[in-house]
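Single-structure report; data block below.
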2 protein chains.
Amino acid sequence: MKNIVRKMNENKTGHLVKDHKRLVETYPKVPLTVDCVVFGFEENELKVLLIRSDLAVFDGLWSLLGDNVVDNEELDDAAYRILRERTGMDDVYLDQVRSFSHPSRHPGGRVITVAYCSLINIQHHHLKRLDHELHWHNVQSLTSMAFDHFEILTYCHKWLQKRIQEHPLGFNLLPDKFSLRELQNLYEAILNLQLDRRNFRKKFASMGLLIDVNEIETDVPHRPGKLYKFDFDKYEKNKRKWIGVDF
Amino acid sequence: MKNIVRKMNENKTGHLVKDHKRLVETYPKVPLTVDCVVFGFEENELKVLLIRSDLAVFDGLWSLLGDNVVDNEELDDAAYRILRERTGMDDVYLDQVRSFSHPSRHPGGRVITVAYCSLINIQHHHLKRLDHELHWHNVQSLTSMAFDHFEILTYCHKWLQKRIQEHPLGFNLLPDKFSLRELQNLYEAILNLQLDRRNFRKKFASMGLLIDVNEIETDVPHRPGKLYKFDFDKYEKNKRKWIGVDF
DNA sequence: TTTCGAATGTGTAAAAAATACACATTTAAA
DNA sequence: TTTAAATGTGTATTTTTTACACATTCGAAA
């Protein structure tokens with residue numbers, strides 16, 4: 001089998017392979033999964049949606065939402081399928097982050113996984129079953145997880161920290177209408193640092209992507225802030241202006 | 001098979017799976033490959049190392065350096081193995097970029113691939129066989145390739161354009177000793193734009209990562225420039241200062 | 001040996017972006 | 001009516017980025 005593979009690439013003979021279907025049948029195959037790091041934002045904390053592991057070796061530990069990639073399924077589709085199954089929705093922000101392939105990352109044998117990062121608005125999402133088995137966890141307070149999922153989570157968190165400074169992704173985590181304070185709390189939670197309020201507001205105001213909805217917060221025990229919504233349309237149209245290369 | 005997978009994740013019964021080896025054996029498997037986008041720099045042009053496709057359907061087209069991922073092999077190791085086989089070296093810059101999984105990306109059936117980006121110093125690398133079948137191509141002048149490799153190359157090129165503005169990766173593409181003009185030519189070739197000479201030099205001088213080797217260019221038909229080498233040690237030690245998070 | 005062509009090496013001014021920082025205003029609650 | 005707490009706002013400073021020109025050095029050609 002390996003010889004055929006080598007022949008394909010080295011092409012020592014100069015012959016062209018005509019039966020490429022046959023060739024692919026000889027390829028070694030590996031189990032492949034997709035794991036979704038689903039971030040949410042609630043009570044001024046960055047949360048991640050986890051499911052309790054049902055492997056005995058990981059008794060009590062939590063794991064990311066994952067599943068096998070099935071025949072002829074694109075990785076993105078597998079990730080959307082997982083989200084749909086777990087949260088009931090798939091019209092959410094989703095991006096591939098990277099693959100993890102350490103041979104012993106799964107105790108049952110070699111399983112390669114592709115990590116995805118998803119951002120969802122917790123308020124919007126009526127999770128199918130949010131219970132003892134499926135739960136939102138504070139990202140900061142997690143210390144260990146099943147498989148290599150803590151490593152994956154840490155990686156995706158750093159990835160997100162970098163990403164939200166280049167793209168206005170944060171809005172995916174907020175309700176439709178939000179105050180600037182909520183927006184700042186979100187950024188502070190993700191980046192795990194304090195930001196200057198005036199400079200933060202100035203920055204977002206200058207982007208011109210906030211629509212003043214002429215409403216104010218209710219049920220706050222102090223002066224209520226104005227509410228805005230994010231101009232997704234304008235953002236889509238002018239992406240390149242703000243982000244440079246769409247990447 | 002799918003039911004078992006589902007059971008694992010949904011854990012309806014509350015039972016913990018003890019035989020995780022057995023469980024993984026039930027996972028669907030897919031053919032998985034690694035493709036390396038090997039960049040080089042020569043004659044002031046960004047080059048990519050390609051091999052002639054030996055599939056009849058791609059007669060005449062070129063493809064990236066790729067191979068199957070074999071049993072228990074990490075993706076990084078597979079990529080290094082490919083580099084070693086093709087270039088005779090594996091102590092080079094290498095980074096995973098992303099996976100490509102369109103079901104029809106390979107005419108022989110569904111094959112998922114993980115793309116890697118590698119940067120090598122063409123002068124250093126005495127390629128095993130650089131001939132009609134294995135060749136350096138000017139990136140700008142390529143328009144089509146076998147499989148989805150043109151898409152992968154384009155993606156990796158953009159990835160590199162972004163990456164070299166955040167990390168001093170360019171040095172991996174240059175000889176040990178280089179002039180500032182060569183360095184600038186490299187950046188201009190990768191970014192495909194013109195840079196201001198004084199600002200460019202100022203920027204790199206201020207990084208403090210260039211060691212003046214007290215030599216000058218030879219064989220240039222004009223005033224020769226000073227030669228420098230890159231301080232890899234200092235860079236490794238102070239990564240965080242320059243890059244922030246090591247990501 | 002002189003001259004010419006071509007690229008090197010260098011600094012400053014202007015503009016833009018990021019940062020630091022304080023006070024009057026509004027609302028709910030006491 | 002007073003108090004507590006958070007909102008809303010502008011300017012000065014620093015840092016970073018950008019634009020821009022001329023004297024110098026060397027090789028090549030006359």
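Note on naming: letters A, B, ... go to the chains in the order of the sequence lines (proteins, then strands), and numbering restarts at 1 for each one. All values derive from a computational prediction rather than experimental measurement.
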Provide, to the nearest angstrom, the distance between the CG atom belonging to B:L195 and the P atom belonging to D:dA19. 11 Å

Between the side-chain atoms of B:R201 and the base atoms of C:dG9, is any donor-acceptor pair under 3.5 Å? no

Specify the separation, in whole Å, of atom CD of A:Q184 and atom C1' of D:dA6. 12 Å

Please report, rounded to the nearest Å, how far the C1' atom of C:dA7 is from the CG atom of B:N185. 12 Å

Which residue, B:F150, B:F39, B:W62, forms the ring-ring contact (aromatic ring centres under 6.0 Å, His included) with B:H137? B:W62

Give the ring-plane orientation class for A:F100 versus A:Y155, where under 30° counts as parallel, over 60° as perpendicular and anything between as tilted. perpendicular

Can you tabulate the close N/O pairs, meaning under 3.5 Å, that link protein atoms to atoms of nucleotides 26-30 of chain D?
none

Is B:R198 close enough to D:dA19 that one of its side-chain N or O atoms is under 4.0 Å from OP1 or OP2 there? no

Can we say A:E45 and A:K47 salt-bridge, meaning some charged N sits less than 4.0 Å from an Asp/Glu carboxylate O? yes

Do any N or O atoms of the protein come closer than 3.5 Å to N or O atoms of nucleotides 11-14 of chain D, and which pairs are they?
from   : atom 1 : to     : atom 2 : distance (Å)
D:dT11 : O4     : A:K202 : NZ     : 3.0

Could you please spell out the steps behind the side-chain contact (heavy atoms from CB on, under 4.5 Å) verdict for A:V92 and A:L119? CA-CA 7 Å; A:V92 296; A:L119 304 178; over 6 Å; no

Stepwise salt bridge (charged side-chain N to carboxylate O under 4.0 Å, His left out) test for A:E215 and A:K226: CA-CA 6 Å; A:E215 293 177 48; A:K226 297 175 76 175; over 6 Å; no

Rounded to whole Å, the NZ-P distance (A:K226 to D:dT7) equals 14 Å

Using atom CG of A:L180 as one end and atom P of D:dA6 as the other, report the distance to the nearest whole Å. 16 Å

A:Y228 OH to D:dT7 P, in whole Å, measures 12 Å

Mapping B:D196 and A:K203 onto DNA chain C by nearest heavy atom, which one lands closer to the 5' end? B:D196

Compute whether any side-chain donor of one residue and acceptor of the other, for B:D95 and B:Y93, lie under 3.5 angstrom apart. yes

Can you confirm whether or not the ring centre of A:F204 sits under 6.0 Å from the ring centre of A:F230? no

Expressed in angstrom and rounded to an integer, what is the separation of A:R197 atom CZ from C:dC23 atom P? 14 Å

For atom CD of B:E182 and atom C1' of C:dA7, their distance in whole Å: 13 Å

Take the angle between the ring planes of B:F178 and B:F171 and call it parallel below 30°, perpendicular above 60°, tilted in between. tilted

Start with the C-alpha distance between A:E182 and A:Y228, add both sets of side-chain angles, then the distance that settles side-chain contact (heavy atoms from CB on, under 4.5 Å), and finish with yes or no. CA-CA 10 Å; A:E182 287 176 285; A:Y228 298 86; over 6 Å; no

